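Heads up, the thing below is written out as structure tokens.
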Amino acid sequence: MTISFRNAFLLVSVAGMICGCGTDRTVAPSMSDRAETSEQPLGKLAVDDNAATAVVVATVIGDGEPLGGVAVAFARSISGQSPNFAWTDTTDAYGRARVDIADAGGYYRVRATRDGNPLGSWSSIPVNGGHRVTIDLPIGGTARVTDVSTLASGGLPAVVRVGVVLPLTGDGGPLGQIVRNGMELARDEANRYEFGSATLQFIVEDSESTPEVAAAAFEKLIYEDNVTVILGPGYSSSAAVAFPIAQENRVVAFSPTAAAAGLGAIGDFVFRVPAPVSRIAQSTLEVVTSELQLNRIAVIYDSTDVFSASGYVETVKALAELGVEMLGAEAFATGQTDFTAALTRIDNLKPDVILVWTRPLERVAIPVQGRQLGIPYGIPFLVFGFASSQIEQAGPAAEGLITGTFWSHSIETPENRAFIENYRVRFGGEPDLFAAEGYVCVQILAAALKGAGSTRSEPVRDALATIELPTVVGQFAFDAVGDPTYPAVLQVVRNGRFETLGN
């Protein structure tokens with residue numbers, strides 16, 4: 001069940017509006033701003049005039065889709081007076097606008113325009129000071145209040161402090177910063193649209209791309225900063241040592257990117273955004289062997305990295321279940337930079353496809369060295385977790401590369417389209433897998449905090465465990481061990497861009 005909370009008294013009043021208590025609440029699509037006295041009766045809706053600020057989050061919807069770039073204006077409805085649309089904002093790509101109404105209390109008119117052209121207007125919107133009201137404004141339809149809460153955010157403190165541990169320097173630094181971009185975008189949206197008076201604040205620690213520093217960062221956030229929630233770490237190898245620290249201290253740990261098998265089973269306080277490698281290996285190899293008929297498979301993997309090693313183990317299991325024999329495997333250790341000898345041995349096996357399980361840095365280096373060595377483009381590299389930002393780094397060597405991953409530009413949902421557009425506006429570039437994972441991590445945490453109405457770790461844990469939420473990766477929920485249940489995505493690079501493969 002999707003997590004939300006309500007102010008019970010106000011919902012009794014709001015229910016009257018939703019049921020159309022004696023009046024049609026919509027004036028659309030025309031922009032006739034009639035005086036309040038010419039409206040139909042308002043119905044029995046109780047409002048308070050307590051001269052306090054209210055926050056209204058309005059979502060403008062047209063043909064079932066959110067409308068961005070729409071000017072939304074609110075005016076107090078006062079009998080015998082022309083409306084003064086004094087409170088305004090412009091919708092983002094999710095169709096959302098936030099309007100803070102000073103000295104709120106009573107009924108309000110709303111109008112929507114784009115580039116000065118009228119789209120629609122609505123009337124009889126009840127807004128009370130000291131409350132946060134969310135409302136849907138469908139063009140040509142009836143306004144609908146979807147949530148009412150106090151600005152105290154259901155028990156959340158004024159500042160909600162959350163730890164963040166990411167690789168911001170070291171070999172994972174560039175990708176860690178992309179994850180951070182996604183997190184900050186979601187944090188700022190949550191502060192603007194999801195909470196009342198509460199503000200989500202990050203305490204950021206750099207893991208320096210090593211498990212040891214990640215563990216120390218977790219201890220610092222727990223013992224010195226007294227946080228109850230930590231987002232991170234990034235690498236699975238870091239999560240393998242940091243998650244037990246969080247579990248022992250009953251602190252929620254939620255990684256945006258750690259995908260190794262078995263991490264969720266560490267305990268009930270640990271969660272992660274990406275589906276585990278067991279699921280991605282199985283679904284990817286089914287398509288590769290059955291639909292693409294690439295059955296002569298060789299593997300190169302980092303045997304000292306938790307993510308890569310678990311990926312190799314899951315590949316062996318998946319191929320056995322599919323009845324496909326692996327030609328051979330080449331292992332290397334984290335930090336190796338020259339893969340020509342291993343790739344030469346693999347090339348001599350005459351594979352149909354070369355599977356790559358590595359950390360992000362080597363995901364570019366191995367295909368590049370393989371093509372330089374002369375491995376023909378007819379033999380594709382299958383690189384798990386390859387991101388769109390790495391296509392440019394790999395250059396021509398990326399052509400034909402296949403990846404099993406967790407997110408795609410091509411996911412055609414309103415949530416994903418809006419995320420991509422809002423990321424472009426904020427950062428001036430395209431998001432990729434790592435940005436999407438960081439964004440989803442904070443989006444889900446914000447919903448859990450809001451639902452729990454508390455920053456205590458136990459209520460937040462319980463809220464996360466039962467969450468169901470539409471996100472940029474699809475409908476998001478956790479299974480019994482804290483692993484997400486959404487499906488993996490299979491993509492191929494063609495003409496320098498990802499295209500989706502399979503269903």
Side-chain angles (χ1 to χ4, degrees), residues 2-14 46-59 72-74 76 86-92 94-108 110 125-136 145-164 183-204 225-229 231 252 422 441-460 463-464 467 469:
T2 301
I3 293 178
S4 64
F5 61 95
R6 305 238 191 281
N7 178 292
F9 171 76
L10 284 177
L11 274 186
V12 173
S13 298
V14 169
V47 292
D48 298 323
D49 189 0
N50 60 6
T53 296
V55 173
V56 182
V57 177
T59 301
V72 177
F74 280 72
R76 177 76 180 270
W87 299 283
T88 64
D89 192 32
T90 301
T91 60
D92 66 359
Y94 286 101
R96 300 172 302 190
R98 170 176 168 155
V99 178
D100 294 4
I101 300 177
D103 300 329
Y107 295 99
Y108 290 78
V110 190
I125 308 297
V127 179
N128 288 332
H131 290 83
R132 176 186 180 277
V133 179
T134 62
I135 184 169
D136 287 345
V145 174
T146 60
D147 191 27
V148 178
S149 60
T150 65
L151 284 179
S153 299
L156 293 178
V159 177
V160 179
R161 299 164 69 248
V162 171
V164 174
M183 284 184 162
E184 291 180 347
L185 178 62
R187 177 203 60 196
D188 293 348
E189 289 178 357
N191 286 340
R192 181 169 174 78
Y193 299 113
E194 297 301 326
F195 297 134
S197 57
T199 299
L200 185 61
Q201 184 182 89
F202 291 160
I203 303 174
V204 180
D225 297 304
N226 299 310
V227 302
T228 57
V229 179
L231 302 181
V252 172
N422 285 339
C441 188
V442 176
Q443 181 187 33
I444 291 169
L445 175 65
L449 287 167
K450 183 178 175 182
S454 171
T455 58
R456 291 175 50 240
S457 58
E458 289 84 359
V460 175
L464 281 170
I467 202 163
L469 193 72

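No experiment lies behind these values; they were computed from the predicted model shown. For reference, positions follow the sequence shown, starting with 1.
Side-chain contact between Ile135 and Val56 is present, with at least one heavy-atom pair separated by less than 4.5 Å. Two residues are said to be in side-chain contact when any heavy atoms from C-beta on lie closer than 4.5 Å; Ile444 and Ile467 meet this criterion.
Atom CG of Leu231 sits about 4.5 Å away from atom CE of Met183, to the nearest 0.5 Å. How far OG1 of Thr150 is from CG of Leu156: 9.5 Å, rounded to the nearest 0.5 Å. Taken to the nearest 0.5 Å, the CD1 atom of Ile125 stands 14.0 Å off from the CZ atom of Arg76. In this structure, CG on Asp188 lies 11.5 Å from CG on Asn422, to the nearest 0.5 angstrom. Note that CG of Leu464 is 6.5 Å distant from CG of Leu445, once rounded to the nearest 0.5 Å. We find the CG-CD distance between Leu469 and Gln443 to be 5.0 Å, quoted to the nearest 0.5 Å.
Of all non-hydrogen atoms in Ala104 and Ala54, the two that sit nearest each other are CB-CB, 3.6 Å. Taking both residues in full, the closest heavy atoms of Ser454 and Val460 are given as O-CG2, 3.4 Å, listed atom of the first, atom of the second, then distance. Contact detail for Trp87 and Ala102: the closest heavy-atom pair is NE1-N, 3.6 Å. Between Phe195 and Ala446, the shortest heavy-atom contact is CE2-O, 3.7 Å. Heavy atoms only, all atoms of each residue included: Pro157 and Ala198 are closest at O-CB, 3.4 Å. Between Ala452 and Pro459 the shortest heavy-atom distance is CB-O, 3.6 Å.
A distance-only check finds a donor-acceptor pair linking the side chain of Tyr108 to the backbone of Gly105 [under 3.5 Å]. Checking side-chain atoms of Arg161 against main-chain N and O of Asp225 turns up a donor-acceptor pair under 3.5 Å. Side-chain atoms of Thr228 come within 3.5 Å of backbone N or O of Thr455 as a donor-acceptor pair.
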Run Asp147 and Val133 through side-chain contact (heavy atoms from CB on, under 4.5 Å) and show every step you take. CA-CA 6 Å; Asp147 191 27; Val133 179; over 6 Å; no
The test is side-chain contact (heavy atoms from CB on, under 4.5 Å); show your working for Ile101 and Val55 and say whether it passes. CA-CA 6 Å; Ile101 300 177; Val55 173; over 6 Å; no
Given the rule in the side-chain contact (heavy atoms from CB on, under 4.5 Å) test, do Val72 and Thr88 qualify, once you have shown the distances and angles that lead to the verdict? CA-CA 6 Å; Val72 177; Thr88 64; over 6 Å; no
Could you walk me through whether Ile203 and Val164 pass the side-chain contact (heavy atoms from CB on, under 4.5 Å) check? CA-CA 6 Å; Ile203 303 174; Val164 174; over 6 Å; no
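Looking at residues two or more places apart in sequence or on another chain, you find a side-chain hydrogen bond (donor to acceptor under 3.5 Å, both in side chains) between Arg98 and Asp100. For Arg96, the salt bridge (charged side-chain N to carboxylate O under 4.0 Å, His left out) test picks out Asp92, Glu189, Glu194, with sequence neighbours left out. Take Arg192 and apply the side-chain hydrogen bond (donor to acceptor under 3.5 Å, both in side chains) test, not counting sequence neighbours, and it matches Asp89. Taking Glu458 as the reference, Arg250, Phe269, Arg456, Arg461 meet the side chain to side chain contact (heavy atoms under 4.5 Å, CB included) condition, with sequence neighbours excluded. In this view, Thr134 and Thr146 satisfy the side-chain hydrogen bond (donor to acceptor under 3.5 Å, both in side chains) rule, not counting sequence neighbours.
Remark: Arg187 qualifies as a cation-pi partner of Phe202 under the 6.0 Å distance and 45° angle criteria applied to the six-membered ring.
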